[in-house]
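Structure record follows, encoded as structure tokens.
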Amino acid sequence: MKRKSQLPETTVKRLRELTPGEKARVEAYDAAQASKPQPPKIAPDLDFETDDEGALFAEAVGRATGSQDGSFGIHVLQLAGAVLTEGRVTAEGINLAGAAMVGMKPRDEVEGMLLAQMVACHDVAMRRLAVVHVDGQTVGGADININQAVKLMRTFAVQVEALSRYRKGGQQKVTVEHVHVYPGGQAVVGTINQSGAARGVGDAGRNQGSTGYHGQEAGPAVPIRLADGQEMWCEMQADGAALYATGHAER
């Protein structure tokens, strides 16, 4: 009868118990994960038409791709997943792509396709960087892979910017925190319309019944607190287009 070999006590790896703080962090993480929408997961023998799990999977595909059409959603996930599994369409690749895309919450098909490109681009870039560290890698081989990775990472940054612009509807918001006006200069605070209808500042309370450039009627005056603590009244166009300020060092 053969006896099992006994490992020395010093080679046995023992798992330590978590500290109360570590347990609290794990529990908080589990609670946060449970509250998040789950990504699509392909299960064996899944009947998409009759199984409740099939319906749940179809809903998850829609959340991952932004598409109301399950066939198109699966197609997008297959293409993205094939990149993650080196050109092979597998359940693993689809699940990986879905897990990445559902977290970015696409709102429609355009965002879904863009997110699929981002996932694929990121994956290939990281693979190129990993090849640089392969044992025996030549300097030329490292340079080629680094250059490819840099191009892909730049493309990824462009994709992120494109997604941001698309979600904002092409609008950009500019926030001005400090405006410096030098002697002889003028500053405009507000929106400048195409007609160039900006007006000079009148005396306090001059807004009643006055008109701006191009005959636009002036709106109510509003107070602006200056850097030196003084208060200045500035007229505002009736359509709220612009406030005009002059002769002060800072707004």
Side-chain angles (χ1 to χ4, degrees), residues 25-26 28-44 46 48 53-134 137 140-175:
R25 293 204 305 271
V26 171
Y29 174 80
D30 290 340
Q33 290 300 107
S35 64
K36 290 182 179 180
Q38 295 301 305
K41 295 291 184 182
I42 292 184
L46 192 62
F48 295 98
E53 291 186 1
L56 184 62
F57 176 79
E59 187 269 340
V61 168
R63 281 190 286 102
T65 62
S67 176
Q68 299 298 320
D69 185 272
S71 298
F72 178 77
I74 289 292
H75 179 67
V76 172
L77 289 179
Q78 285 177 336
L79 293 177
V83 176
L84 304 183
T85 50
E86 301 179 350
R88 296 174 290 106
V89 178
T90 63
E92 178 188 8
I94 294 175
N95 292 341
L96 289 173
M101 293 168 61
V102 74
M104 293 183 278
K105 301 177 181 179
R107 302 177 301 180
D108 55 31
E109 287 82 357
V110 173
E111 291 190 7
M113 289 185 288
L114 183 56
L115 293 181
Q117 295 174 26
M118 292 169 61
V119 169
C121 185
H122 170 267
D123 186 79
V124 177
M126 299 304 291
R127 289 178 185 272
R128 293 302 93 201
L129 290 177
V131 172
V132 175
H133 298 282
V134 172
Q137 180 64 267
D143 286 342
I144 291 174
N145 283 281
I146 289 174
N147 290 334
Q148 291 178 348
V150 168
K151 292 179 181 178
L152 289 164
M153 288 187 291
R154 287 176 178 171
T155 300
F156 182 83
V158 172
Q159 292 169 331
V160 173
E161 181 64 23
L163 178 63
S164 177
R165 289 199 306 269
Y166 182 78
R167 286 182 169 177
K168 293 178 181 178
Q171 298 179 354
Q172 293 184 344
K173 180 181 179 180
V174 178
T175 302

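This structure is a prediction, so every number in the text was calculated from the model and none was measured.
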_Closest approach of Ala64 to Leu77 (non-hydrogen atoms, all atoms of both residues)_ = CB-CD2, 4.4 Å
_Show the nearest heavy-atom pair for residues Val89 and Ala82, with the distance to one decimal._
CG2-CB, 4.2 Å
*Scan residues 145-155 for pairs that pass salt bridge (charged side-chain N to carboxylate O under 4.0 Å, His left out), counting only residues two or more places apart or in two chains.*
none
*asked:* Any non-hydrogen side-chain atom of Val110 less than 4.5 Å from a side-chain atom of Tyr166?
replied: yes
*OG1 of Thr90 to CG of Leu96: how many Å apart, nearest 0.5 Å?*
7.5 Å
_Would you say that Gln78 contacts Ile94 through its side chain, given a criterion of any heavy-atom pair below 4.5 Å between the two side chains?_
yes
*What residues, two or more places apart in sequence or in another chain, satisfy side chain to side chain donor-acceptor pair (under 3.5 Å) together with Asp69?*
none
_I need the minimum non-hydrogen distance between Gly112 and Pro106, along with the two atoms involved._
N-CB, 3.7 Å
*asked:* Working to the nearest 0.5 angstrom, can you tell me the gap between Met101 CE and Arg63 CZ?
replied: 12.0 Å
*Restricting to pairs with a member in residues 95-106, which pass side-chain hydrogen bond (donor to acceptor under 3.5 Å, both in side chains), not counting sequence neighbours?*
none
*Any pair with a residue in residues 112-127 that passes side-chain hydrogen bond (donor to acceptor under 3.5 Å, both in side chains), sequence neighbours left out, goes on the list, sorted by first then second residue, please.*
Glu86-Arg127, Asp123-Arg127
_For Glu92, is the CD atom crowded, meaning more than 12 foreign heavy atoms sit under 6.0 Å from it?_
no
*Roughly how far apart are Leu84 CG and Leu79 CG, rounded to 0.5 Å?*
11.5 Å
*asked:* Looking at every heavy atom in both Phe72 and Ser67, which two are closest together, and how far apart are they?
replied: CD2-OG, 3.6 Å
_Pairing residues for Arg107 by the side chain to side chain donor-acceptor pair (under 3.5 Å) criterion, not counting sequence neighbours_ = Glu111
*What pairs meet the side-chain hydrogen bond (donor to acceptor under 3.5 Å, both in side chains) rule with one or both residues in residues 140-150, with sequence neighbours excluded?*
Arg128-Asn145
*asked:* The test is side-chain contact (heavy atoms from CB on, under 4.5 Å); show your working for Asp30 and Gln33 and say whether it passes.
replied: CA-CA 5 Å; Asp30 290 340; Gln33 290 300 107; 5.6 Å; no
